[in-house]
2 protein chains.
Amino acid sequence: MPMDSRLEELAFEAAHDHSACVREALSAAAAICEERGVRLTPVRRRVLELVWSSHQAVKAYDLMAQMQGEMAQAAKPPTVYRALDFLMEQGLVHRVDSLNAYVGCPTPGRTHREQLLICTECGAVGEMEDPAVAHALGEAASRAGFSVQRQTVELQGICGACQSV
Amino acid sequence: MPMDSRLEELAFEAAHDHSACVREALSAAAAICEERGVRLTPVRRRVLELVWSSHQAVKAYDLMAQMQGEMAQAAKPPTVYRALDFLMEQGLVHRVDSLNAYVGCPTPGRTHREQLLICTECGAVGEMEDPAVAHALGEAASRAGFSVQRQTVELQGICGACQSV
DNA sequence: AAGTCGAACGTTATATTGTTACACTGCACG
DNA sequence: CGTGCAGTGTAACAATATAACGTTCGACTT
Ligand SMILES: [Zn+2]
Ligand SMILES: [Zn+2]
Ligand SMILES: [Zn+2]
Ligand SMILES: [Zn+2]
């Protein structure tokens, strides 16, 4: 069982063997679901695969469009949204609020307070989990008397690959 | 011209003279628009006033509903969205991405990289601008080779007022 | 084997949020 | 006066998401 976090590094790599990313994400997901006793059904698996079809965030209706014809009938909104809800509950996918879109988590299995990096040039979405950021946020919030339950941190900017063009 | 940042403190104050918040926000907006040579038209002013009708984030279609009948005709979506776009450009209002809603900025006039605090109990939305957070985010992003242009930071949790109930 | 239950999925309709396109008005400016 | 342009009105539509309810199917009980 690999389960390394190599995927974390790849979002902004211009060229890499992306089919390996997909394979790795799917096999990690299968292992996690197995371990938790939840079911990675064909619909859920297919949605996860399509979310991972690039390192960009994917729109729900684009997923539907890609699933036209390949399931028995056309995939309707509830089918896709239910699958996305499941994948998010299991931490396999994150929602990108500032884009109304969804991206595969490169480090599933451990819960985390991730910070997303969204390249406005190439659309790639990376993810980091910086303890100093989490600490600074917690400190600042508690000075304001605020008790944090969840965080949404999304940075828009230019990724390394796009800067070096 | 007051232009203090007292408003910043009030989002989570259980009881306060909120009509003063509204007055202050509107007069600050008028001053800022005057100074910049942009027009705070009646539509824009009314939208800003309604956004400030509480310290909660307000939905665009709720604004429309409240404007029914008071303008010549019913307010249609483009009217409200154009006003919101203007107010956001001028930094008088922020969009809360995680809620698809809009909140008045308590410290307009200076551009800032704000962090929003959203109480899941009472719905109030406060705002802070913590240098340590900004610094940690910048550091972490640049270690990832990422050049930040904009940030979306929204913390969901329980505000001081709701904790002490 | 038959019954029961609940998770997953299908289906239809609807709700919510936001945009496009184009016409009209009124004021600033020559 | 025209002329242009910012602001607004209006109609239609696009994009995103949820509600409500029925069906299927396998696990478990009896
Ligand atoms: Zn890849
Ligand atoms: Zn890029
Ligand atoms: Zn107030
Ligand atoms: Zn509260």
Side-chain angles (χ1 to χ4, degrees), chain A residues 29-30 33-34 36-51 56-90 92-103 123 152 154, chain B residues 29-30 33-34 36-51 56-90 92-103 123 152 154:
Chain A
C33 290
E34 170 71 24
R36 295 180 186 166
V38 297
R39 293 167 53 196
L40 188 63
T41 64
V43 170
R44 292 165 176 177
R45 188 187 150 88
R46 180 62 177 138
V47 168
L48 180 59
E49 185 179 11
L50 287 173
V51 165
Q56 303 183 358
V58 179
K59 301 253 167 188
Y61 275 72
D62 289 346
L63 292 172
M64 269 170 247
Q66 293 193 254
M67 290 171 73
Q68 292 308 6
E70 63 183 40
M71 319 304 287
Q73 316 299 342
K76 306 288 176 51
T79 299
V80 169
Y81 282 106
R82 283 194 286 233
L84 288 171
D85 286 345
F86 169 85
L87 295 170
M88 286 191 290
E89 274 167 22
Q90 300 303 322
L92 301 169
V93 158
H94 301 302
R95 179 180 158 84
V96 187
D97 281 329
S98 60
L99 300 175
N100 291 346
Y102 305 84
V103 69
T152 301
E154 300 176 8
Chain B
C33 290
E34 169 72 24
R36 294 181 187 166
V38 297
R39 293 167 54 195
L40 187 63
T41 63
V43 170
R44 292 166 175 176
R45 187 186 152 90
R46 180 63 178 140
V47 168
L48 180 59
E49 185 178 12
L50 287 173
V51 165
Q56 304 183 359
V58 179
K59 301 250 164 190
Y61 274 71
D62 290 346
L63 293 172
M64 270 170 247
Q66 295 194 253
M67 288 171 74
Q68 291 308 7
E70 63 182 42
M71 319 302 288
Q73 316 299 343
K76 305 290 175 51
T79 299
V80 168
Y81 282 106
R82 284 192 287 232
L84 287 171
D85 287 345
F86 169 84
L87 294 169
M88 286 190 291
E89 274 167 23
Q90 300 303 321
L92 301 170
V93 159
H94 301 303
R95 179 181 158 85
V96 187
D97 281 329
S98 60
L99 300 176
N100 291 346
Y102 305 84
V103 70
T152 300
E154 300 176 10

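These numbers were taken from a predicted model, which means no experiment stands behind them. Here is the naming used below: chain letters follow the sequence lines, and residue numbers restart at 1 for every chain.
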> Taking atom C1' of dG7(D) as reference, at what distance in whole Å does atom NZ of Lys76(B) sit?
Replying inline: 16 Å
> Does Arg46(A) reach the main-chain N or O of Thr41(A) with its side chain, forming a donor-acceptor pair under 3.5 Å?
Replying inline: no
> Nearest-Å distance, CD (Glu89(B)) to C1' (dA6(D))?
Replying inline: 13 Å
>> Measure CG/Asp97(A) against C1'/dT16(D) and give the value in whole Å, please.
In response: 13 Å
> Whole-Å distance between dA19(D) C1' and Asp85(A) CG?
Replying inline: 13 Å
> Does dG7(D) have OP1 or OP2 sitting under 4.0 Å from an N or O in the side chain of Arg45(B)?
Replying inline: no
> Under 4.0 Å between a side-chain N/O of Lys59(A) and OP1 or OP2 of dA15(D), yes or no?
Replying inline: no
>> Main chain of Leu99(B), side chain of Lys59(B): is a donor-acceptor contact present, judged purely on distance under 3.5 Å?
In response: yes
> Nearest-Å distance, CZ (Arg44(A)) to P (dA8(C))?
Replying inline: 4 Å
>> I want to verify a distance call: between dT10(D), dT16(D), dT17(C), whose nearest atom is closest to the Thr79(B) side chain?
In response: dT10(D)
> Closer to the 5' end of DNA chain C via nearest nucleotide, is it Arg82(A) or Pro77(A)?
Replying inline: Arg82(A)
> How would you label the contact of Tyr102(B) with the nucleic acid (heavy atoms, under 4.0 Å): base, sugar-phosphate, or nothing?
Replying inline: sugar-phosphate
>> Between Thr41(B) and dT8(D), is there a contact of a side-chain N or O with OP1 or OP2 at under 4.0 Å?
In response: yes
> Planes under 30° and centres closer than 5.5 Å, is that true for Tyr61(B) with the base of dT16(C)?
Replying inline: no
> Can you check the Leu99(A) CG to dA15(D) P distance for me, whole Å?
Replying inline: 16 Å
>> Output the rounded distance in Å from OH (Tyr81(A)) to P (dT17(C)).
In response: 13 Å
> Is there a donor-acceptor contact under 3.5 Å from the side chain of Arg44(A) to the main chain of Arg39(A)?
Replying inline: yes
>> Under a 3.5 Å distance rule, please check whether Glu154(A) uses its side chain to pair with a backbone N or O of Thr152(B) as donor and acceptor.
In response: no
>> Rounded to whole Å, how long is the line connecting atom CG of Asn100(B) with atom C1' of dT18(D)?
In response: 14 Å
> Quick one: which of dT18(D), dT8(D), dT20(C) gets closest to the side chain of Pro78(A)?
Replying inline: dT18(D)
> Taking Arg82(A) for the side chain and Pro77(A) for the main chain, is one N or O donor matched with an acceptor at less than 3.5 Å?
Replying inline: no
